Structure formats: C-alpha cells, structure tokens
Engineer: 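Let me begin by handing over the structure; questions about it come next.
Residue indices begin at 1 and follow the sequence shown. It should be emphasised that the depicted structure is a prediction, and the values quoted were computed from it without experimental measurement.
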Amino acid sequence: MKIVFATNNQHKLEEIRAILGNRFEIVSLAEIGCHEDIPETGSTLEENALMKAQYVYDHYNVSCFADDTGLEVDALGNAPGVYSARYASLAAPANDGSAAAPHDSEANMERLLHELGNNDNRKARFRTVIALIEKRGTDDKQIHRFEGIVNGEIIRERRGGEGFGYDPVFQPEGYTQTFAELGTDIKNKISHRARATQQLAEYLQTLQ
C-alpha cells in the first residue's frame, strides 16, 4: 500500500519507514513533486498535523498523513509545545545581534536548558499527533487522528550522538539513557512517534 507522508524531513521519513517496515510504501512530499513550504500556523499539534495533511489532499488529491510533535515541559507550562522545532528562534536575538534559525536543534536545546536552569522539576513528555486523510471515492474522504505520548525528564546536559532534535536531553521514563544514547532501534520501539505510528499502521492494515 502506497501512502504520502506530508514531510521532507529525512529524519522523520527514516523513523516512519523503519517503524512501518515493508508493509507500506511511504512516499515523501518531494516524491510527489511537492516542494512548497506548507504553512504550520495552528496553535495546537492537532491543528498543524491536519493543516499539512489537508494541504496535500487538496492539491494532490491523494490519501496522506502528516504529523506534528511537541516537547511539553511541566515547569515551563508545557512549553515549547507546538513551537518545539523553532523554540530558539522565538527567543531574544543572540549576542551578535542575529536570531537563531528555525529548526536549529542545538540552539533549541540551549534555550531549553537555560529556561529550566536549576529547576528540580524536570518532568516532560514528547507528544506526537498524526492526522490521516483517507481518500474514499471521487469526492469523499475520512479524517483520522492518532496520538502517541512518552513521558520522561529533561536532564541537565546533552548525552548521546544519535537521534535528532531534543533527543540528547530527553530521558524516557524507565530508562537511564537519553533517546540519543538508546539509539534508533530502541527509540523506534518506545517513542511517541512509534506509538502514534503503530496506531496508524493498525488502522491502515484494516484497509488492505
């Protein structure tokens, strides 16, 4: 079964493809000729995921799914949340007068650790929401949502060289290593994205 994943993020593609295996052919935006910068202006993960999937469905008339992921930190009022990927770019300009670029993982982690400081409440969770728009007939569609959550805590220094985003500072509950130390094989079994994707896969299998 072929289905479009509304992303050109190579890390996400690799994770999703690894989790789903060869049961499904996951096609990226680039592979269907979509190179537009799809707006993500929603105030929630749910809104952003559906916005991306809806854009692809409206412009390419295919079944597709999109995800949005946020890191929610208790002590920061669940920030950075929907702004996780561009957290540092929302901060004050750097000392040299330049602002951090969006999707700058190092700068995002630096701001997160700075905001938390010596706060002993390090509880956090990763949350992924997947929106699937299933094309049914010429003018018919169905919308489905799936959610995956993994609880954990933010450690005080970066550890590990694998993964991406906030992985070096997030230690999942029940483990003594960060996502970046555990490696992709373990992460792809226990992560927020893995849990949401498994729900997606279980649904897709009912269509085959």
Engineer: Answer yes or no: is there a donor N or O on one side and an acceptor on the other, between the side chain of Asn121 and the main chain of Lys123, under 3.5 Å?
Structural biologist: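 Yes; at least one donor-acceptor contact below 3.5 Å.
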Engineer: Tell me whether the count of non-hydrogen atoms from other residues, nucleotides or ligands lying under 6.0 Å of CG in Asp140 goes above 12.
Structural biologist: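 Yes, because the 6.0 Å sphere around CG of Asp140 holds more than 12 heavy atoms from other groups.
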Engineer: Where does the angle between the aromatic ring planes of Phe170 and Phe179 fall among parallel (under 30°), tilted (30 to 60°) and perpendicular (over 60°)?
Structural biologist: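 Taking Phe179 first and then Phe170, their aromatic rings sit tilted (interplane angle of 30° to 60°).
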Engineer: Under the rule for salt bridge (Lys or Arg N to Asp or Glu O under 4.0 Å), what residues qualify as partners of Arg156, not counting sequence neighbours?
Structural biologist: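 Arg156 satisfies salt bridge (Lys or Arg N to Asp or Glu O under 4.0 Å) with Asp120 only.
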Engineer: Apart from Tyr60 itself, what residues make up its hydrophobic cluster, given side-chain heavy atom links below 4.5 Å?
Structural biologist: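 Direct or chained contacts put Tyr60 with Val4, Val27, Leu29, Ile32, Ile38, Tyr55, Val56, Val62.
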Engineer: Please tell me whether Ile16 and Ile3 are part of a single hydrophobic cluster in this structure, the criterion being side-chain heavy atoms less than 4.5 Å apart.
Structural biologist: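 Yes, Ile16 and Ile3 fall within the same hydrophobic cluster.
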Engineer: Taking C-beta and beyond as the side chain, do Val73 and Asn78 meet within less than 4.5 Å on heavy atoms?
Structural biologist: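 No, side chains not in contact.
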Engineer: Calculate, to the nearest 0.5 Å, the distance between atoms CD and OG1 belonging to Gln10 and Thr7 respectively.
Structural biologist: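 Nearest 0.5 Å value for the CD-OG1 distance: 9.0 Å.
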Engineer: Can you confirm whether the side chains of Arg122 and Gln171 place a donor and an acceptor under 3.5 Å from each other?
Structural biologist: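 The answer is no; no qualifying pair exists.
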Engineer: Between the side chains of Gln198 and Lys189, is a donor N or O closer than 3.5 angstrom to an acceptor N or O?
Structural biologist: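 Looking only at side-chain atoms, Lys189 and Gln198 do not form any donor-acceptor pair under 3.5 Å.
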Engineer: Run Val150 and Glu173 through side chain to side chain contact (heavy atoms under 4.5 Å, CB included) and show every step you take.
Structural biologist: CA-CA 8 Å; Val150 60; Glu173 203 170 70; over 6 Å; no
Engineer: Give a yes or no on whether Phe164 atom CZ has more than 12 heavy-atom contacts from other residues, nucleotides or ligands under 6.0 Å away.
Structural biologist: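 Yes, the 6.0 Å shell around CZ holds more than 12 heavy atoms from other groups.
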Engineer: For residues Met51 and Thr41, determine if any side-chain heavy atom of one lies less than 4.5 Å from a side-chain heavy atom of the other.
Structural biologist: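 Met51 vs Thr41: side chains touch.
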Engineer: Under 3.5 Å, is there a donor on one side chain and an acceptor on the other for Glu202 and Thr206?
Structural biologist: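 Not at all, the side chains of Glu202 and Thr206 share no donor-acceptor pair under 3.5 Å.
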Engineer: State, to 0.1 Å, how close Pro172 and Ile190 come at their nearest heavy-atom pair, and which atoms those are.
Structural biologist: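 Shortest heavy-atom contact: CG-CD1, 4.2 Å.
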Engineer: Please report the interatomic distance CG(Leu200) to CZ(Arg193), rounded to the nearest 0.5 Å.
Structural biologist: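 Rounded to the nearest 0.5 Å, the CG-CZ separation comes out at 12.5 Å.
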Engineer: With sequence neighbours excluded, tell me which residues meet salt bridge (Lys or Arg N to Asp or Glu O under 4.0 Å) with Glu115.
Structural biologist: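 Arg111.
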Engineer: To the nearest 0.5 angstrom, please state how far the OG1 atom of Thr178 sits from the CD atom of Glu153.
Structural biologist: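 One gets 11.0 Å once the value is rounded to the nearest 0.5 Å.
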Engineer: Can a salt bridge be assigned to the pair Glu110 and Arg158 using a cut-off of 4.0 Å between side-chain N and carboxylate O?
Structural biologist: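 A salt bridge is present here (some side-chain N lies under 4.0 Å from a carboxylate O).
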Engineer: Taking only residues two or more places apart in sequence or in another chain, which ones pass side-chain hydrogen bond (donor to acceptor under 3.5 Å, both in side chains) with Arg17?
Structural biologist: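 So Arg17 forms a side-chain hydrogen bond (donor to acceptor under 3.5 Å, both in side chains) with Glu31.
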Engineer: Would the number of heavy atoms belonging to other residues, nucleotides or ligands and lying under 6.0 Å from NZ of Lys141 be above 12?
Structural biologist: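 Result for NZ/Lys141: enclosed.
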Engineer: How long is the gap from CD on Glu15 to OG on Ser191, to the nearest 0.5 Å?
Structural biologist: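 If we round to the nearest 0.5 Å, Glu15:CD and Ser191:OG are 5.5 Å apart.
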Engineer: Of the non-hydrogen atoms in Val82 and Gly42, which two are nearest, and what is the gap between them?
Structural biologist: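 Where Val82 meets Gly42 most closely, the heavy atoms are CG2-O, 4.0 Å.
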Engineer: Between Arg195 and His192, is there a donor-acceptor pair closer than 3.5 Å when you use the side chain of the first and the backbone of the second?
Structural biologist: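 Between the backbone of His192 and the side chain of Arg195 there is no qualifying donor-acceptor contact (under 3.5 Å).
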Engineer: Can you find a pair of side-chain heavy atoms, one from Pro39 and one from Asn48, that are under 4.5 Å apart?
Structural biologist: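 Not touching, per the 4.5 Å side-chain cut-off.
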Engineer: Under 4.5 Å between any side-chain heavy atoms of Ile154 and Leu113, yes or no?
Structural biologist: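 Yes - at least one pair of side-chain heavy atoms lies under 4.5 Å apart.
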Engineer: Heavy-atom distance under 4.5 Å between the side chains of Asp104 and Glu106, does that happen here?
Structural biologist: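 In short, these two side chains touch, coming nearer than 4.5 Å.
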Engineer: What distance do Ile186 atom CD1 and Glu162 atom CD have between them, rounded to the nearest 0.5 Å?
Structural biologist: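 It is 9.5 Å, given to the nearest 0.5 Å.
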Engineer: Write down the atom of Ala66, the atom of Ala49, and the distance for their closest heavy-atom approach.
Structural biologist: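 That closest heavy-atom pairing would be CB-O, 3.3 Å.
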Engineer: Heavy-atom distance under 4.5 Å between the side chains of Gln205 and Phe24, does that happen here?
Structural biologist: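 A side-chain contact under 4.5 Å exists here.
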Engineer: Take Asp68 and Lys52 through the side chain to side chain contact (heavy atoms under 4.5 Å, CB included) test and state the conclusion after the steps.
Structural biologist: CA-CA 9 Å; Asp68 201 20; Lys52 288 184 283 188; 4.2 Å; yes
Engineer: Please round to the nearest 0.5 Å and tell me the distance separating atom SG of Cys64 and atom CG of Asp58.
Structural biologist: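 Nearest 0.5 Å value for the SG-CG distance: 9.0 Å.
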Engineer: Report, one line per pair, each donor and acceptor closer than 3.5 Å where one atom sits in a side chain of residues 125-134; sequence neighbours left out.
Structural biologist:
unit_1, atom_1, unit_2, atom_2, d
Arg125, NE, Glu72, OE1, 2.6
Arg125, NH2, Glu72, OE1, 2.9
Arg127, NE, Glu72, OE2, 3.2
Arg127, NH1, Glu46, OE2, 2.8
Arg127, NH1, Glu147, OE2, 2.7
Arg127, NH2, Glu72, OE2, 3.3
Thr128, OG1, Thr69, OG1, 2.6
Glu134, OE1, His144, NE2, 3.1
Glu134, OE1, Tyr203, OH, 2.6
Glu134, OE2, Arg136, NE, 2.7
Glu134, OE2, Arg136, NH2, 3.2

Engineer: For side chain to side chain contact (heavy atoms under 4.5 Å, CB included), just list the numbers for Leu76 and Tyr87, CA-CA rounded to whole Å, side-chain angles, deciding distance to a tenth of an Å, and then say yes or no.
Structural biologist: CA-CA 12 Å; Leu76 301 180; Tyr87 193 40; 3.9 Å; yes
Engineer: What residue among Asn188, Asp67, Ile19 forms side chain to side chain contact (heavy atoms under 4.5 Å, CB included) with Thr197?
Structural biologist: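 With Thr197 as partner, Asn188, Asp67, Ile19 yield a single side chain to side chain contact (heavy atoms under 4.5 Å, CB included), made by Ile19.
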Engineer: Using the test side chain to side chain contact (heavy atoms under 4.5 Å, CB included), find all partners of Ser84 that sit at least two apart in sequence or belong to another chain.
Structural biologist: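 Ser84: side chain to side chain contact (heavy atoms under 4.5 Å, CB included) contacts with Leu71, Pro80, Tyr166.
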Engineer: Does Asn108 use its side chain to pair, donor to acceptor, with the backbone of Ala85 at less than 3.5 Å?
Structural biologist: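 Pair found, side chain donor or acceptor close to backbone of Ala85.
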Engineer: Could you pull out the closest heavy-atom pair between Ala194 and Lys187, with the gap in Å?
Structural biologist: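 In terms of heavy atoms, the two residues are closest at CB-O, 4.3 Å.
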Engineer: Can you get from Phe5 to Phe146 by hopping between Ile, Leu, Val, Met, Phe, Trp and Tyr side chains that sit under 4.5 Å apart?
Structural biologist: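 In one cluster with Phe5: Phe146, yes.
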Engineer: I need the minimum non-hydrogen distance between Ile155 and Pro168, along with the two atoms involved.
Structural biologist: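 Closest approach of Ile155 to Pro168: CD1-O, 3.6 Å.
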